[in-house]
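Shown next, in structure tokens, is the structure this report addresses.
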Amino acid sequence: MCCFLFVFFFGGRGFIGWDWTAYYDIYESFPSVIDSSFINELLFRESENKGVMEKGFLVYLALMKSFGFNYFMFVFFSVFIDVLLVDRFIQRFCPNYALAMLLFVYVYCNAEINLQRNMKSIVLFLYSLQYVEQKKIIPFMALNLLGLTFHFSAIFYILSYWLFRIPIGRSVYIILVLLLNAVYFFKINLLGDLITLVAGWVGGKAEVVAEIYTNSSITREAGVSIGSIERLITSLLVFVFWTDLKEHVERGKIFINSFIVYLIWINLFWPFSIFIERLSLLYMFCYIYIWSIIIKSVSLKKVRYMTLGCLFLYSTLRFGLKYNTVFYRYDNFLLLNYEEEEQRRGTFNRYKNLFYK
């Protein structure tokens, strides 16, 4: 039932969010694999200034067109694939399926709607986590190399195989948490100049990306916020429920280490919004496991329900703040109730400068 509702809601969505315009235009203009212009478009698209796009995603997109899918069916089938991979992850790692699926929606709702390439690399990684636990590096690498052809950020997942093998003790964890929060709340900018320097040495695409990501017009301020309070509470709860989270040693290392990396991205890269939005997203999957185990481990039923209530209230508040705009006015093509592309694009163009400066 959870999978069905997920596919119906996300797979059946109309033109909602802010990135559908780019994906729609690419899908409509890109040839299918049987088209004579396919190879040329695949190999030389970037050199013809048609936008940077990973080759794996372009091949996937062309395959969907070869089946005769329109854009809506392309999205529907993409979400269906996501659910198949996520289902395996939840069944293996999470004690409460429904809660884990709700947490997945909270963590990756924006990615599922707006970041289709990222989402494919993320779900391939989630599926590959079983091989980290089993210490099978070859299938892990194969899946994440495939993810790399959908989005370059999957390079971090490839490197994470060894990160997940590092044993971190409780005392080291709490010291790291305290230091990272000090950096964030005291607004210590450690990495701005370092990122620019290293990217300059590397050159090429790295230098261009670093310049965009550290641009002052998209920086942000650190400080007390709903998100920072939540991260602090979650950090403390990980410390309190350390034994429960580490009940399966290899599994505990995967998710606790991922949570530490997530905190590093958030707290060290606090001035750079795009770094935080794109890179911290890669490791937010740890929330699905961590909160599932925390809820399961609360012994008193009343306290468990109160914890669930607080989690639901917080998630609802964050959703309301993030998605309460004209771009996320929901409709569903499966119900034959949706705005046409031309009408929705007009709304997008009318309001985009107001929300995305």
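Shown here for S258 and Y283, the closest heavy-atom pair between the two residues is O-CB, 3.7 Å. The shortest heavy-atom contact between F80 and V7 is CA-CG2, 4.2 Å. Across all their heavy atoms, L281 and V107 have their closest contact at CD1-O, 4.0 Å. Considering all non-hydrogen atoms of both residues, Y287 and L103 come closest at O-CD1, 4.1 Å. Between W291 and L99, the shortest heavy-atom contact is O-CD2, 4.5 Å.
Taking the six-membered ring where the residue is Trp, Y131 and Y127 present perpendicular rings, their angle passing 60° and hence far from 30°. Ring orientation note: the planes of W242 and Y173 are tilted relative to one another, at an angle of 30° to 60°. Ring geometry for Y338 against F72 counts as perpendicular: the plane angle is over 60°, on a 0 to 90° scale with 30° as the lower cut. Ring-plane geometry between F74 and Y27 is classed as parallel, the angle between the planes falling under 30 degrees on a 0 to 90 degree scale with a further cut at 60.
Looking at E341 and R344, no side-chain N of the basic residue comes within less than 4.0 Å of a carboxylate O on the acidic one, giving no salt bridge. Salt bridge D25/R345: present, at least one basic N to carboxylate O contact under 4.0 Å.
If you check the side chains of Y108 and D82, you find no donor sitting under 3.5 Å from an acceptor. At a cut-off of 3.5 Å, with distance as the only test, no side-chain donor of Y157 or S128 sits close to an acceptor on the other residue. A donor and an acceptor atom, one from each side chain of E230 and T234, are located under 3.5 Å apart.
The side-chain tip of R170 points at the ring of F239 from less than 6.0 angstrom away and within 45° of straight on.
Checking side-chain atoms of Y184 against main-chain N and O of L179 turns up no donor-acceptor pair under 3.5 Å. A distance-only check finds no donor-acceptor pair linking the side chain of R13 to the backbone of N332 [under 3.5 Å]. The closest donor-acceptor contact from the side chain of K296 to the backbone of N96 lies at 3.5 Å or more, if one exists at all. Of the possible donor and acceptor atoms, none in the side chain of K253 sits under 3.5 Å from a partner among the backbone N and O of I166. The backbone N or O of A62 lies less than 3.5 Å from no partner atom in the side chain of S32, so there is not a single donor-acceptor pair.
With contacts defined as side-chain heavy-atom distances shorter than 4.5 Å, the pair I122/E112 does not qualify.
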Intermediate values then yes/no, side chain to side chain donor-acceptor pair (under 3.5 Å), Y71 and W20: CA-CA 10 Å; Y71 178 73; W20 69 265; over 6 Å; no

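Centroid-to-centroid, the aromatic rings of Y60 and F77 stay 6.0 Å apart or farther.
Counting non-hydrogen atoms of neighbouring residues, nucleotides and ligands closer than 6.0 angstrom, the CE atom of M306 reaches no more than 12 such neighbours.
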